[in-house]
Amino acid sequence: MTSEGAYPFGVGRHGAVLVFDADDRLTAWNEAAEALADAGRLLVQGALPEALAPLFRGLPPGHTVTDWPLSGGGFVRRTAGEGAVDGGPAAGGDLSGRLFAAASHDLRQPLAALSLLLGALEGRLDGATGGGKSATARSGALNDPAARDLLNAMGNAVQSLRGMVDGHFDLVRLEAGLVQPDIGTPAVNGILTRIALDAAPRFDGRGLRFSVLPCSVRVATDASLLERILQGFVASTLRHTERGRVVLGCRRQGADLRIELWSTGRGLLPDQLLALRQEFQRPDGSGDPSVIDLGLRLACGLARRLGHRLEVDSAPGHGTMLAVLVPQAADGADEPSPAAEPGPGDAGPAPGADVSRARVLVIEDDPMVLEALGALLGQWGCAVVAADSVDAALERLGPDPQPPDLVISDLRLKGAMNGIVAIRQIGKALDATLPGLILTGDTDPMRLREARLSGYPLLHKPVAPMALRGAVARLLGRERLKS
């Protein structure tokens, strides 16, 4: 038995790689591991090392299995043998990609919990100062105007930290060659909607008016990466705009669609504008990284990867315009997708709409995030059933359960289960078609593509509370909200 014959992808060249967390649970693996005997049955998220021992019993002669400890806890198990290229680019790139994805996901979990808890605290503050029932609360510290200022500052700090976590991880993955575009023909409206839901509370917290103009055009691009470019624009605009208005909109330019973000503010001096234009035009990204901030540096790298062009214009004392030019889709450029998300200009329930009395099932395997989601939804008046798995959810719904109005699930759950399967299994068990919402801190492009193709709306952790409320309101539907 030869390594190339028994293991068709690279066991003899780069080796199988499995990553375990501090609890000795399997969190990631490479394609070579998937070629091992019985991998299809044994390789599941959360598996223990002893359960995976059969994977390595049939290795060809001369192959070894080595465990390498990780500084933050856990270890990497790797096979090597004749012809193995330790530390080669394929092995290192694949391992780095999975480790970055795992680290990014884990960092987002406490950020998600903190963002949701701040939303719940803001709800208590609103109740205390808005004529709520509790005289004690009205007279307490929550009635202090300074408390709201502190709360807003904390929220802005969390959003800023989120942007830096996203940006740094994405930039490292980009520079390591781990970002592979998945070109499709997405409707711009769906991308603008996600930007609107995510960014509106951040601009509102700064006292800035933020508007998003709907656009029905379809473009040829990777939707996720284009969304990250626009998020880079938003992050930079938040840093440099102190007053006035910000507008995100589109217009055609020949065969391209210009997606533009206009902002008032201090603008750029002529030498600053020239330096930024030069950075945008560099074909290889080899410039002075101090010239532009993290958001625009990431936007530049992603635009180069996609073959899109960035433009900037600015007038001192008046404001700045950032634009990305994206090819319009060849066919059906003006036809909205039948399953498209509602656009930013659609007359759906507002983020502040009443969502009380809704029965919401939450499935989340991180205790901090589960508790924070329960607290926030409870603050809004929802009846929350919280569980860390499908089995626990069915048990807590009771022996003769009434289907919940909505299921909110994390994308990545323990074991082989994910949020998409979880929502469908709950619906099948209750013999009902349930509206669902996916929350994720995952950055793996394949996982995100699977989530978007599922038909369930997707929000990224840490999600802004008002973005979550808007999504919940839309899923519950106008008729239910009127009743």
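Note that the numbering runs from 1 along the sequence shown for the chain.
Taking CG of Leu458 as the start and CG of Leu439 as the end, the distance is 8.0 Å to the nearest 0.5 Å. With rounding to the nearest 0.5 Å, the separation of CG in Leu394 from OG in Ser389 is 8.5 Å. A distance of 11.5 Å separates CG of Asp410 from CG of Asp388, quoted to the nearest 0.5 Å. The CG atom of Leu238 sits 14.0 Å away from atom CZ of Phe233, with the distance rounded to the nearest 0.5 Å. For the atom pair Ile195 CD1 and Arg228 CZ, the distance stands at 8.5 Å (nearest 0.5 Å). Ile408 contributes atom CD1, which lies 9.0 Å from atom CG of Leu361 (distance to the nearest 0.5 angstrom).
Put simply, the side chain of Ser211 never gets that close to the backbone of Val247: no donor and acceptor are under 3.5 Å apart. Remark: side-chain polar atoms of Arg412 are not paired, donor with acceptor, to backbone N or O of Gln45 under 3.5 angstrom. In this structure a side-chain-to-backbone donor-acceptor pair under 3.5 Å is missing from Arg305 to Gly301. Although no hydrogens or angles enter the test, the distance criterion places no donor-acceptor pair under 3.5 Å between the side chain of Asp405 and the main chain of Ala358. A side-chain donor-acceptor contact under 3.5 Å links Thr193 to the backbone of Asn189.
Within the 4.5 Å cutoff, the side chain of His240 has no heavy atoms near those of the Ser263 side chain. Put simply, the side chain of Ile191 does not reach to within 4.5 Å of the side chain of Ile259, judged on heavy atoms. A heavy-atom distance below 4.5 Å is not found between the side chains of Pro214 and Leu192. When side chains are defined from C-beta on, Leu468 counts as touching Leu437, because their heavy atoms get closer than 4.5 Å. Leu257 has its side chain within reach of Cys215: a pair of non-hydrogen atoms, C-beta onward, lies under 4.5 Å apart. Side-chain atoms of Leu306 and Val324, non-hydrogen and from C-beta on, never get closer than 4.5 Å to each other. At a threshold of 4.5 Å between non-hydrogen side-chain atoms, the residues Pro186 and Val219 count as touching. Here the side chains of Thr237 and Thr320 are not in contact, with every heavy-atom distance at 4.5 Å or above.
Scanning both residues, Ser224 and Asp222, for their nearest heavy atoms gives N-OD1, 2.9 Å. Arg424 and Ser454 make their closest contact through NH2-O, 3.4 Å (heavy atoms, listed as atom of the first residue, atom of the second, distance). Contact record, Gly419 with Ile438: C-CD1, 3.8 Å, taken as the closest heavy-atom pair. Taking both residues in full, the closest heavy atoms of Thr185 and Ala329 are given as CG2-CB, 3.8 Å, listed atom of the first, atom of the second, then distance. Between Val217 and Arg252 the shortest heavy-atom distance is CG2-NH2, 3.3 Å. Looking at every heavy atom in both residues, Ala386 comes nearest to Leu370 through CB-CD1, 3.7 Å.
Listed by chain and residue number, nothing satisfies the side-chain hydrogen bond (donor to acceptor under 3.5 Å, both in side chains) test with Glu371 (two or more places apart in sequence, or in another chain). In this structure, the side-chain hydrogen bond (donor to acceptor under 3.5 Å, both in side chains) partners of Arg251, at least two apart in sequence or on a different chain, are Glu260. Taking the salt bridge (charged side-chain N to carboxylate O under 4.0 Å, His left out) definition, one finds that Glu395 meets it with nothing, sequence neighbours left out.
Contacts classified as ring-ring contact (aromatic ring centres under 6.0 Å, His included) and involving residues 354-377 (residues at least two apart or in different chains) are not found. The list of ring-ring contact (aromatic ring centres under 6.0 Å, His included) pairs with a residue in residues 182-203, not counting sequence neighbours, reads Phe203-Phe210. Pairs of residues two or more places apart, or lying in two chains, never qualify as ring-ring contact (aromatic ring centres under 6.0 Å, His included) while including a residue from residues 357-394.
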Checking Asn418 against Val421 for the side-chain contact (heavy atoms from CB on, under 4.5 Å) test, could you report, in this order, the C-alpha distance in whole Å, the side-chain angles of both residues, the deciding distance, and whether it holds? CA-CA 6 Å; Asn418 66 31; Val421 177; 3.3 Å; yes
Under the side-chain contact (heavy atoms from CB on, under 4.5 Å) criterion, do Ile420 and Leu411 qualify, and how do the steps go? CA-CA 7 Å; Ile420 301 165; Leu411 178 60; 4.1 Å; yes
Can you list the steps and then say if Asp24 with Glu50 is a side-chain contact (heavy atoms from CB on, under 4.5 Å)? CA-CA 10 Å; Asp24 288 347; Glu50 52 266 27; over 6 Å; no
List the steps and the verdict of side-chain contact (heavy atoms from CB on, under 4.5 Å) for Leu213 and Cys250. CA-CA 7 Å; Leu213 307 179; Cys250 307; over 6 Å; no
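Tested against Val362, the residues Val385, Leu406, Val369, Leu377 include a single side-chain contact (heavy atoms from CB on, under 4.5 Å) partner, Leu377.
Checking Thr221 against His308 by side-chain atom types alone, a donor-acceptor pair falls below 3.5 Å.
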